[in-house]
Visitor: 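Could you have a look at this structure, given as structure tokens, before my questions?
Each ligand, and each atom within it, is numbered from 1 in the order the structure gives.
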Amino acid sequence: MTEKTSKDWKTRTRLVHEGTRRSQYGEVSEPIILTQGFVYESAEQAEARFDKAGPDEFIYARYGNPTVRMFEERIAGLEGAEDGFATASGMAAVYASLASMLRAGDHVVSARALFGSCLYILEEVLTRFGVEVSFVDGTDLDQWRAAVRADTKAVFLESMSNPTLEVIDLPAVAEIAHAVGATVIVDNVFSTPVFSRAIELGADVVVYSATKHIDGQGRVLGGVVLGTEEYIRKTVEPFAKHTGCAMSPFTAWVLLKGLETLDLRVRAQAATALEVARALEGDPRLSRVIFPGLESHPDHAVAARQLEQGGTVIALELAGGQTAAFRFLNALQIVVISNNLGDAKSIITHPATTTHSRLSEDQRAELGITPGLVRLSIGLEDAGDLIDDLKHALDAV
Ligand SMILES: *Cc1c(COP(=O)(O)O)cnc(C)c1O
């Protein structure tokens, strides 16, 4: 039998082993190399390393660190990306992916339905530095076609939007963007790295908040930018190492442990999400049950093509508006009220008054964020217990 390299391994094997570096002690669990600097054997070695650091040579933790490098290689392997740069949070990754490649006068096209902080970067920060940004309805391909121009440098989108779970047809948008030479940057949190095939489907750059499913246990903030070796090393790395968004080695270690169980956790969460969505669909107290895994979802066919499953988040709209939504949240006993997602614990959020409260009522209406809308992130609890909890809380409405 010919020897296999890590590139031939299946997902679960890669998630446990890829990128592993062992010290002279041969430890089984990845070591946390909690150091800011590295000692050189000679002045000449220091000089040579500053000139060009080899793949396993480190200079300063803001530039790179062995534990962080293990995380970068493992998540890049999972996504099928050539390389990656880890950051202190998901937002640092989103900002680095854009700010590292854009300059004044550039044009960007972005889907309008975005995580609030992503919208802030595109609408408030980049424009202040002379970048022009056009927003489109991400599911309307004609709007993408009309918005891209010869000077469009990047298109930005969340593959599945937050919180209304629209699924954007990635190959179609990538084709439109590539026709004008634009870089396709995908914030892929809601698709999860387990179900994502973003690079295969046309994304040039994939960004994750590792705070979500990758940690999956509510402990740390982290992020990563994934792309070609050229983009990561020549564009993102110089920007990131000099502006200081580095991930802590301790965080990288927590996330490495998260990656080991990621596939198992996300598949279990997605299966439970489908069960819960089916159990709630048709309930008269809910005016909408939005889940891409349901046949009733407008983008179900796109989701089936590009996601394998419907994801781990469900959006529900209470027929009784905000009063009903608040009563529903307050009556839940297992599902907790918070704003993370992808966690082992099921979490419910009322976007209009929390994550999207910064937007005007008109902006919220345009995005489908009605007063009765709640976002439910499915955790690792027993599906029957969750359904009982949700039904009981609906009774209280
Ligand atoms: C949470 C989230 C982010 C930001 O990640 P942080 O780790 O909180 O900085 C960005 N995009 C999406 C889609 C998210 O859900």
Side-chain angles (χ1 to χ4, degrees), residues 68 71 75 79 84-99 110-126 138 155-168 170 184-196 198 203 205-226 240 243-248 250-252 254-255 258-259 262 266 269 273 292 307 311-315 338-343 345 347-349 351 354-359 367 369 374-379:
V68 176
F71 168 70
I75 183 74
E79 191 68 34
F85 197 97
T87 56
S89 71
M91 284 326 302
V94 169
Y95 187 59
S97 74
L98 290 160
S110 172
R112 189 179 292 117
L114 294 180
F115 183 69
S117 302
C118 295
L119 189 63
Y120 182 84
I121 287 176
L122 284 149
E123 211 172 27
E124 309 282 338
V125 182
L126 293 178
V155 309
F156 184 86
L157 59 107
E158 289 175 16
S159 47
M160 203 194 289
S161 72
N162 171 30
T164 47
L165 310 178
E166 293 172 353
V167 188
I168 293 181
L170 185 52
V184 177
I185 304 176
V186 178
D187 178 338
N188 219 18
V189 165
F190 280 68
S191 299
T192 84
V194 169
F195 299 130
S196 164
V205 177
V206 176
V207 177
Y208 284 108
S209 162
T211 315
K212 311 294 164 55
H213 305 82
I214 297 174
D215 175 9
Q217 289 151 86
R219 299 163 293 192
V220 296
L221 278 176
V224 67
V225 188
L226 301 165
T243 55
C245 57
M247 175 181 281
S248 136
F250 176 73
T251 294
V254 171
L255 295 172
L259 284 176
L262 181 71
V266 168
Q269 286 167 304
L307 281 178
T312 66
V313 177
I314 304 169
S338 187
N339 35 256
N340 192 15
L341 61 97
D343 198 277
K345 294 178 173 62
I347 290 175
I348 199 153
T349 311
T354 59
T355 54
H356 291 70
S357 60
R358 199 179 66 81
L359 302 185
L367 296 175
I369 304 170
V374 299
R375 184 187 79 188
L376 173 62
S377 166
I378 297 295

Visitor: From Leu367 CG over to His356 NE2, what is the distance, rounded to the nearest 0.5 angstrom?
Guide: 6.5 Å
Visitor: Please round to the nearest 0.5 Å and tell me the distance separating atom CG of Leu255 and atom CD of Gln217.
Guide: 10.5 Å
Visitor: Under a 3.5 Å distance rule, please check whether Arg375 uses its side chain to pair with a backbone N or O of Asn339 as donor and acceptor.
Guide: yes
Visitor: Provide, line by line, the atom pairs where ligand 1 and the protein bring an N/O atom each to a distance under 3.5 Å; else say none.
Guide:
unit_1, atom_1, unit_2, atom_2, d
ligand 1, 5 (O), Ser209, OG, 3.0
ligand 1, 7 (O), Gly90, N, 2.9
ligand 1, 7 (O), Ser209, OG, 2.8
ligand 1, 7 (O), Thr211, OG1, 2.6
ligand 1, 9 (O), Gly90, N, 3.0
ligand 1, 9 (O), Met91, N, 2.9
ligand 1, 11 (N), Asp187, OD2, 2.6
ligand 1, 15 (O), Lys212, NZ, 2.7

Visitor: Would you tabulate the side-chain donor-acceptor contacts of residues 90-99 under 3.5 Å, counting partners in other chains and residues two or more places apart, or write 'none'?
Guide:
unit_1, atom_1, unit_2, atom_2, d
Ser97, OG, Val94, O, 2.7

Visitor: Is there a donor-acceptor contact under 3.5 Å from the side chain of Glu158 to the main chain of Phe190?
Guide: no
Visitor: Give, for atom CD of Glu79 and atom CG of Asn188, the distance between the pair rounded to the nearest 0.5 Å.
Guide: 5.5 Å
